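None of the values given here were measured: they were computed from a predicted structure. Every chain is numbered from 1 and lettered A, B, ... according to where its sequence line falls, protein lines coming before strand lines.
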There are 2 protein chains.
Amino acid sequence: MQTVRKDIHNSEVPVLCQSCEARHQGICGALNGEQLLALSKATRRVRREPGEELIADAMPINAFSNVLRGVVKLTKVLEDGRQQVVGLQFAPDLLGRPFAAESRVTAEAASAVDLCVIPRPALESLMKDSAPLEHRVMMQALRELDEARDWMVTLGRKNAAEKVASFLFMIASHIDPTDETVASKFDLPLSRADIADFLGLTIETVSRQISKLKADGVIEIVNYRHITVPDLARLRVLCG
Amino acid sequence: MQTVRKDIHNSEVPVLCQSCEARHQGICGALNGEQLLALSKATRRVRREPGEELIADAMPINAFSNVLRGVVKLTKVLEDGRQQVVGLQFAPDLLGRPFAAESRVTAEAASAVDLCVIPRPALESLMKDSAPLEHRVMMQALRELDEARDWMVTLGRKNAAEKVASFLFMIASHIDPTDETVASKFDLPLSRADIADFLGLTIETVSRQISKLKADGVIEIVNYRHITVPDLARLRVLCG
DNA sequence: CGGTGGATTGAGAGCCGTCAACGGAGGTGG
DNA sequence: CCACCTCCGTTGACGGCTCTCAATCCACCG
């Protein structure tokens, strides 16, 4: 009977959720069929183009979003306009700061992005009832904290060459999470300006360091946005 | 009858916990008398002197600790020895990365520190049973993530003068969480070397910037470690 | 074909790191 | 009580890395 009941539950999974990455590795994996069905009635899928603002800094948070495709950049700006990228989010991350009245970052689509938008009350009431859901949200927060602290080392203690190598290595690892012994080819989800804001450098310095990596044969540049790394281990060494 | 029951519960609060800050603002505030009593049988209070290592990077985590007094610094090092402070923890923060096999930072006593050490199994089993406890742990993780991202802006986009001003302002705010309109006097919990590692600078640059703030009348230096700020708003402006 | 926005490359300046010398506080021993 | 040592912090001189400003290139598009 249990297996039959499980099959029934599976058939309850909303059509849109059935092939959704968030249901496997994302936060929706913590929900049973019934909860998923209820939640899916409140959500909607949207597409956002590069550069579109998803969440504004210091504004009330009305909704959270599962990132289903593309890359979202989280930024902060100083009063005089200096900007810093403080995080990148990939599928199936949850976008939005839980348990805060206002956002503390600006979230912007870095590439074309597909989102599953969850109204704030829907997610917060579900989190109150579902400890597994809250647990998944916490695990993501802890992972983001680890990543932020890793990046603080890069920002504070690495020189420009090491910073750019670290960025490329991080992107390659995210796109292609295989081991370090093979080659890798990928599209950069960020413009030179975004990369500079991520690394605490200027556009010109980023460009010079990328040119140097190309001249040294560490990377090959197909397009401005398309890069191949013949030897990931060699790039890894340059990260400092 | 309810009030009587409550009194009974209060009397169950372990003696050591009764005046403990962690029971009010820290994670123990999520526990009832019974849970607190059970937990207190597994914990022990210890004192650590400045410079003592509390948790080693890449080592298994055997225990968590409530910070009861003093300041703990979290650091990461590159292979060639370059060091970055990635976080500071004050009372009543919980020390230790939950739900990870190994620590990803080194934790070291920056000042004299009092800890309430909680064995790992004790806290993890309690978290499994108590959603409010897990919720508090998550709230701390989210707060630390906010702080880490704030600091990334300082590391990536501020010059040396703004970095040092930001550090002093952050310490003043932590020690003296009043509004910005008044004066503030406090002891620096970190040496010049630690401050440099926190700001991604050298000892010499930190020293020069502190001397400049003194020459400009923004701060007064009583001791190497003891500083007064006559006008916090003026310091705030210098943070960029 | 010219216009536009992003990326690259070059020249010069300025900020901060490096190296070095000096100073002051605290501890120890004669 | 003083001499001495050590550790930490300060100050100075100099050089290099990265920023700034500017020109140019390239891809894309009307």
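Under a 3.5 Å cut-off, the side chain of A:Ser103 and the backbone N or O of A:Ala58 do not form any donor-acceptor pair. Although no hydrogens or angles enter the test, the distance criterion places no donor-acceptor pair under 3.5 Å between the side chain of A:Gln209 and the main chain of A:Val206. With hydrogens and angles ignored, the 3.5 Å screen pairs no side-chain donor or acceptor of A:Arg225 with any backbone N or O of A:Asp187. Checked by atom type and distance alone, the side chain of B:Lys73 never pairs as donor or acceptor with a backbone atom of B:Leu88 at under 3.5 Å.
Regarding A:Lys214, its NZ atom lies at a distance of 14 Å from the P atom of C:dA7, rounded to whole Å. We find that CG of A:Asn159 is positioned 21 Å from P of C:dC15, with the value rounded to whole Å. The nearest whole Å value for the distance from the NZ atom in B:Lys212 to the P atom in C:dC15 is 11 Å. Between the C1' atom of C:dT9 and the CD atom of A:Gln209 lies a distance of 13 Å, rounded to the nearest Å. The distance between atom CG of B:Leu201 and atom C1' of C:dG17, rounded to the nearest whole Å, is 10 Å.
Map B:Arg225 and A:Val206 each onto its nearest nucleotide of DNA chain D; the residue landing nearer the 5' end is B:Arg225. Residue whose closest nucleotide on DNA chain C sits further toward the 5' end, between B:Ala161 and A:Ser207: A:Ser207.
The aromatic rings of B:Phe167 and B:Phe198 stand perpendicular to each other, their planes meeting at an angle above 60°, with 30° marking the opposite boundary.
Among the heavy atoms of the strands, none lies under 4.0 Å from A:Ile210.
With contacts defined as side-chain heavy-atom distances shorter than 4.5 Å, the pair B:Ser65/B:Leu94 does not qualify.
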What N/O pairs connect the protein and nucleotides 19-25 of chain C at under 3.5 Å? Give each pair on its own line.
residue	atom	partner	partner atom	Å
C:dC19	N4	B:Glu204	OE2	3.1

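Applying the salt bridge (charged side-chain N to carboxylate O under 4.0 Å, His left out) test to A:Glu204 and every residue at least two apart in sequence or in another chain returns nothing.
Reading DNA chain D from its 5' end, the first and the last nucleotide to sit under 4.0 Å from a heavy atom of chain B are D:dG9 to D:dA13.
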Using the side-chain contact (heavy atoms from CB on, under 4.5 Å) rule, take A:Asp57 and A:Val105 through it: C-alpha gap first, then chi angles, then the decisive distance, then the call. CA-CA 5 Å; A:Asp57 191 10; A:Val105 298; 5.5 Å; no

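The side chain to side chain contact (heavy atoms under 4.5 Å, CB included) test with A:Leu199 singles out one residue from A:Asp194, A:Val164, A:Val85, and that residue is A:Val164.
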